[in-house]
Q: 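Please find one structure pasted underneath; my questions will follow.
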Amino acid sequence: MTDAKDAAPTADAAGRPAANFIEDIINADLAAGKNGGRVHTRFPPEPNGYLHIGHAKSICLNFGAAAKHGGKCNLRFDDTNPITEEVEYVDSILEDVRWLGFRWNGEALYASDYFGKMYECAEHLIRAGKAYVCDLSAEQTSEYRGNFYKPGKDSPYRNRSVEENLDLFRRMRAGEFPDGSRVLRAKIDMRHGNLNMRDPPLYRIKRASHHRTGDAWCVYPMYDYAHPISDALEGITHSICTLEFEDHRPLYDWCVENLPLPAQPRQIEFARLNLTYTLMSKRRLLQLVSEGLVTGWNDPRMPTLSGLRRRGYTPEAIRAFAERVGVAKNDSTVDVGLLEFAIREDLEKRALRALAVLRPLKVVIDNYPEGRVDWFEAPNHPDDPSLGSRKVPFGKVVYIERDDFLESPPKKWFRLSPGAEIRLRYACLIRCTDVVKNDKGEVVELHCTWDPASRGGDAPDGRRVKGTSHWVSAAHAVRATVRLYDRLFTVENPGAGGADFRASLNPASLETLTEARIEPALAEAKPGERFQFERLGYFCVDTVDAKPGAPVFNRTVPLKDGWSKIAKSGK
RNA sequence: UCGGGGAUCGUCUAAUGGCAGGACGCCAGACUCUGGAUCUGGCUAUUAAGGUUCGAAUCCUUAUCCCCGAACCA
C-alpha cells in the first residue's frame with residue numbers, strides 16, 4: 001500500500017482527479033459488481049535487470065490503482081527463467097520499489113512459489129486432453145507453427161494418449177530427458193490466426209539452478225502459462241501489463257478458463273514509457289553496463305531508478321512525473337524535459353541553497369583590507385524563511401564563475417566586464433577595475449573595488465545593479481569534485497532503424513570538474529544530500545565516491561538558463 | 001499476403017454525440033539580490049475523404065500511416 005500522499009493524483013482544471021482508461025475499466029467492473037468489489041493488482045518484475053523509469057510508471061499505475069480503491073498491490077517476481085535471473089536483481093528491485101515510496105501487500109511473492117501448483121495444473125490439462133508432450137525440436141516446432149500468412153500444421157505427437165502424455169510429462173519432470181528434447185504444449189489450434197494460440201509450449205526442460213528453488217526442478221513453466229496462474233492464485237483482479245502482451249491475452253484467458261483456478265483475473269494492456277535521449281530496454285541497459293560504457297546500473301546517467309537516485313532525483317519527483325505522463329494505449333515518447341521539469345519543481349521548493357563556483361576565476365578586491373573577514377548572512381532558501389540561514393565568509397580574494405566575466409560583453413550582458421558593477425550574492429557590490437592575463441592572453445585574475453556601503457548586497461543610494469553572481473571566499477572555500485551530467489545519447493531515439501545505439505553515445509555526458517570551490521558549510525554535507533548551487537542547478541553529494549574531506553557532487557539537473565536563450569536568439 | 005492494437009497542439013494527455021481542455025514546451029510582458037522561482041497574457045491539434053445527425057474527435061464507410069506479433073524469453 002502507499003502512503004496517503006501517494007494516493008493524491010493530479011487534478012485537472014475542473015478539479016476532477018486525473019483519469020485513464022484503466023481507471024474506467026476498474027470503475028466499470030466495480031459498478032458491475034465483479035470481484036466482490038475488490039481491486040487487487042500486482043507489479044511483476046522479472047529479476048533479470050534493474051528497474052528503470054519505465055517500471056516506475058507501471059509501479060505507480062499498479063499501486064496507485066489499488067490505493068485509489070482501497071485495494072492491495074502485490075510485488076511478485078516473475079522468476080520462471082533461471083538462466084537470466086539473479087538475487088542481485090531481486091535485492092535491487094526490492095530496494096527500488098521501497099525507495100519509490102510503495103509498500104506491497106504482505107511479503108514479496110515469487111512465481112516460483114507456485115511451481116508445484118503449476119505442475120498440478122499441467123497434469124490437469126493433460127488429463128482433460130488439453131495438453132500434450134511434443135518431441136519436436138525447437139526448429140521443427142517453429143516450422144510446424146507456420147507464419148503470419150501460413151497456417152500451422154499439427155505436430156505428429158499431438159494425439160498421444162492421456163496416459164502416455166502423463167507418463168512422459170512425469171518423466172520430463174523426473175529428469176529422464178535431456179534439455180530441449182521435449183516440451184509440454186497446450187492443445188489449442190494450429191491454424192489459429194494468433195500464433196500464440198498455435199499449441200504454445202507450456203513447459204520446457206532446462207537444467208539450470210534457480211535463485212530460489214535451486215535444483216528442485218528441471219522443467220520450468222513459460223510466462224504465458226505461469227502468469228495467469230500466479231495472478232489467479234493471488235486473487236489478482238486486474239493484471240496490468242504492457243502492449244506487447246496484447247495478443248497474448250487470448251492465451252491468458254484460455255489458461256484462466258481451462259485451469260481449476262480460484263479467480264478470474266483480467267489482463268489490461270497499456271503503452272510502455274519511452275523517453276527521448278535514453279534507452280529503456282533492459283537488454284540494452286545491461287549491454288551498457290557489461291561493456292563498461294557506463295560505470296554500472298547505478299551510473300547517474302542511467303534511466304534506472306538506482307541511477308536516478310544517485311543522480312539526485314527524489315521519489316516524489318518520479319511519482320509526479322509518472323502521474324503527469326498519463327496512461328494510454330498510444331505508442332508515445334515523452335520528452336525527457338518533462339522528467340527534468342518534475343525534479344526541478346520538487347527541488348525548487350525543498351533544496352537548500354548554497355554557493356559554489358564550478359570554474360573559479362580569482363578576484364582581488366583592491367580596496368578591501370588585507371586579512372579582514374566579513375561574515376554575511378545568507379538565507380538557505382530565499383522564498384522560505386523557515387529553512388533558516390547561515391553565515392558565509394567574505395575576504396579580500398574571492399572566486400567567481402569564469403562564465404560570469406566577459407572582457408567584451410554582448411548586449412544585455414548583466415554580468416561582470418571591465419568597468420561594470422555587479423552584486424556578489426548576499427555580500428556586496430563590486431566593480432571591475434582591471435583584468436590580468438597570462439602569456440596566452442587568457443584572463444587569469446580580476447581586480448575589483450567593493451562598495452563598503454553595500455554590505456549585504458543593497459546599495460544605500462538606491463542605484464540599480466542588475467547582475468548578481470555567486471562567489472566563494474578564496475581563504476575559506478573547500479575544493480570539491482563536481483560531476484556535470486548530461487543526456488547519455490545525442491539523438492532522441494538511440495538505436496532507431498536498427499542503428500547501433502552505442503554510436504550515438506554522448507561523449508560529453510559526463511564532465512568532471514576537480515577545481516570547483518564550495519562554501520565551507522557545504523563540506524559537511526552527507527552523502528545523498530541535495531542542494532541548489534545558486535544560479536547553477538541542483539546537486540547532490542555522491543553516495544559512492546564522496547569521502548570525508550574529499551567532497552564529490554553530482555549535478556542532478558541545471559537551472560533553466562534564460563541567458564543562453566537570449567544569447568542564442570541573438571537579440 | 002495474416003492476427004492484434006493505435007492515430008487529438010512541437011511532446012504527453014483529456015473529451016464517452018453537445019463550447020476540443022490540461023500539463024510540459026514555446027512566445028511576449030511584469031517582477032526579482034538566482035538571467036532561477038513567481039505572476040500575466042498568448043501560440044499551436046482532432047490523419048484523409050465520404051456518410052449518418054439539429055449537432056461528430058467521438059457513430060458508419062473507404063483509404064492512409066504507425067506500433068506489436070513467427071523464443072523451448074518475459
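Excluded from the calculations below are hydrogen atoms, water molecules and symmetry mates; all remaining heavy atoms, backbone and side chain alike, are included. Just so it is clear: chains get the letters A, B, ... in the order the sequence lines come, proteins before strands, and each one is counted from 1.
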Q: Given atom CG of A:Leu275 and atom P of B:C24, what is their separation to the nearest angstrom?
A: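 That distance rounds to 17 Å.
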Q: Could I get the full list of ring pair (Phe, Tyr, Trp, His ring centres under 6.0 Å) partners for A:His248, not counting sequence neighbours?
A: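 A:His248 satisfies ring pair (Phe, Tyr, Trp, His ring centres under 6.0 Å) with A:Phe245 once adjacent residues are dropped.
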Q: For a quick check under 3.5 Å, do A:Glu377 and A:Ser389 share a side-chain donor-acceptor pair by atom type?
A: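 There is such a pair (donor and acceptor under 3.5 Å, judged by atom type) between the side chains of A:Glu377 and A:Ser389.
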Q: In plain terms, say whether A:Arg353 and A:Glu348 are close enough for a salt bridge, that is, a side-chain N and a carboxylate O under 4.0 Å apart.
A: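 Yes.
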Q: Please measure how far the C1' atom in B:C12 lies from the corresponding atom in B:G25, and state the result in whole Å.
A: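 So the two C1' atoms sit 11 Å from each other.
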Q: Looking only at side chains, do A:Glu46 and A:Thr80 share a donor and an acceptor under 3.5 Å apart?
A: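 Short answer, no.
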Q: Using atom CZ of A:Arg198 as one end and atom P of B:G4 as the other, report the distance to the nearest whole Å.
A: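 These atoms are roughly 13 Å apart.
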Q: For B:U34 and B:U38, measure between their P atoms and round to the nearest Å.
A: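 It works out to 14 Å between them.
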Q: May I have the distance from A:Arg272 (atom CZ) to B:G6 (atom P), rounded to whole angstrom?
A: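 Answer to the nearest Å: 17 Å.
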Q: How far, in whole Å, is B:G4 from B:G41 if one measures between their P atoms?
A: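 One P to the other, the span is 49 Å.
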Q: What integer number of Å spans the C1' atoms of B:G50 and B:U64?
A: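 Rounded to whole Å, the distance is 15 Å.
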Q: Report the distance from atom CD of A:Glu246 to atom P of B:G4, rounded to the nearest whole Å.
A: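 Taking CD of A:Glu246 and P of B:G4, I get 11 Å after rounding.
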Q: Using the P atoms only, state how far B:U1 lies from B:C66, rounded to an integer number of Å.
A: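 Straight-line distance between the two P atoms is 13 Å.
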Q: Sequence neighbours left out, what pairs pass salt bridge (Lys or Arg N to Asp or Glu O under 4.0 Å) with at least one residue falling in residues 461-470 of chain A?
A: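 Those involving residues 461-470 of chain A are A:Glu421-A:Arg463, A:Asp451-A:Arg463, A:Asp461-A:Arg463.
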Q: Determine which bases of RNA chain B form Watson-Crick or G-U wobble pairs with both distances under 3.5 Å, and write the result as a 5' to 3' dot-bracket string with | for other-strand partners.
A: .((((((..((((....[..))))((((((.......))))))...(((((..]....))))))))))).....
Q: Using 4.0 Å as the upper bound for N to carboxylate O, is an ion pair formed by A:Asp561 and A:Lys565?
A: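 So A:Lys565 does not pair with A:Asp561 through a salt bridge.
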Q: Grab the CG-C1' distance between A:Asn493 and B:U11 for me, whole Å please.
A: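 Taking CG of A:Asn493 and C1' of B:U11, I get 14 Å after rounding.
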Q: Taking the C1' atom of each, how far is B:G17 from B:C31, in whole Å?
A: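 Per the computed distance, 47 Å lies between those C1' atoms.
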Q: Residues two or more places apart in sequence or in another chain: which of them pass ring pair (Phe, Tyr, Trp, His ring centres under 6.0 Å) with A:Trp413?
A: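 Checked A:Trp413 against ring pair (Phe, Tyr, Trp, His ring centres under 6.0 Å); matches are A:Trp563.
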Q: What's the CG-C1' distance between A:Leu338 and B:C9, to the nearest Å?
A: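 Whole-Å distance recorded here is 15 Å.
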Q: Any chance you could lay out the side chain to side chain donor-acceptor pair (under 3.5 Å) test for A:Asp199 and A:Tyr132, step after step, and finish with the verdict?
A: CA-CA 9 Å; A:Asp199 290 9; A:Tyr132 62 97; 2.6 Å; yes
Q: Can you tell whether the side chains of A:Arg170 and A:Glu176 come within less than 4.0 Å, N to carboxylate O?
A: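 Salt bridge absent between A:Arg170 and A:Glu176.
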Q: Using the P atoms only, state how far B:U13 lies from B:G6, rounded to an integer number of Å.
A: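 To the nearest whole Å, 13 Å.
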Q: Expressed as a whole number of angstroms, how long is the span from A:Arg423:CZ to B:U32:P?
A: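 It works out to 11 Å between those atoms.
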Q: Can you build the contact string for nucleotides 67-74 of chain B? Use B for base contact, S for sugar-phosphate-only contact, and - for no protein heavy atom under 4.0 Å.
A: SBBBSBSB
Q: When the nearest nucleotide of RNA chain B is assigned to A:Ala271 and to A:Ser454 on a heavy-atom basis, which residue is associated with the more 5' position?
A: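 Counting from the 5' end, the first nearest nucleotide belongs to A:Ala271.
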Q: Any donor-acceptor pair under 3.5 Å linking the side-chain atoms of A:Ser137 with those of A:Gln140?
A: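 The answer is yes; a qualifying pair exists.
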Q: Would you classify B:A71 as syn or anti? Syn applies when the glycosidic angle is within 90° of 0.
A: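 Here the answer is syn: the torsion falls within 90° of 0.
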Q: Consider only side-chain N and O atoms of A:Arg212 and A:Ser112, and report whether a donor and an acceptor are under 3.5 Å apart.
A: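 The answer is no; no qualifying pair exists.
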Q: Please encode protein proximity along nucleotides 35-48 of chain B as a string of B, S and -, counting only heavy-atom distances under 4.0 Å.
A: BBS-----------
Q: Report which part of the nucleic acid A:Val327 touches: base, sugar-phosphate, or nothing (heavy-atom distance under 4.0 Å, all strands).
A: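 Sugar-phosphate contact only - A:Val327 comes under 4.0 Å of backbone atoms but never of a base.
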Q: When all nucleic acid strands are considered with a 4.0 Å heavy-atom cut-off, which category describes A:Lys150: base, sugar-phosphate, or nothing?
A: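 The answer is nothing, as A:Lys150 stays clear of every strand by at least 4.0 Å.
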Q: To the nearest angstrom, how far is A:Asp24 atom CG from B:U13 atom P?
A: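 Distance check: A:Asp24 CG to B:U13 P gives 15 Å.
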Q: Under 4.0 Å between a side-chain nitrogen and a carboxylate oxygen: does that hold for A:Arg535 and A:Glu401?
A: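 Looking at A:Arg535 and A:Glu401, the cut-off is not met.
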Q: Sticking with atom P, work out how far B:G18 lies from B:U58, rounded to a whole angstrom.
A: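 Those two atoms are separated by 11 Å.
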Q: I'd like to know if the side chain of A:Gln532 pairs up with that of A:Glu534 as donor and acceptor (distance under 3.5 Å, no hydrogens or angles considered).
A: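 Distance-only check fails for A:Gln532 and A:Glu534.
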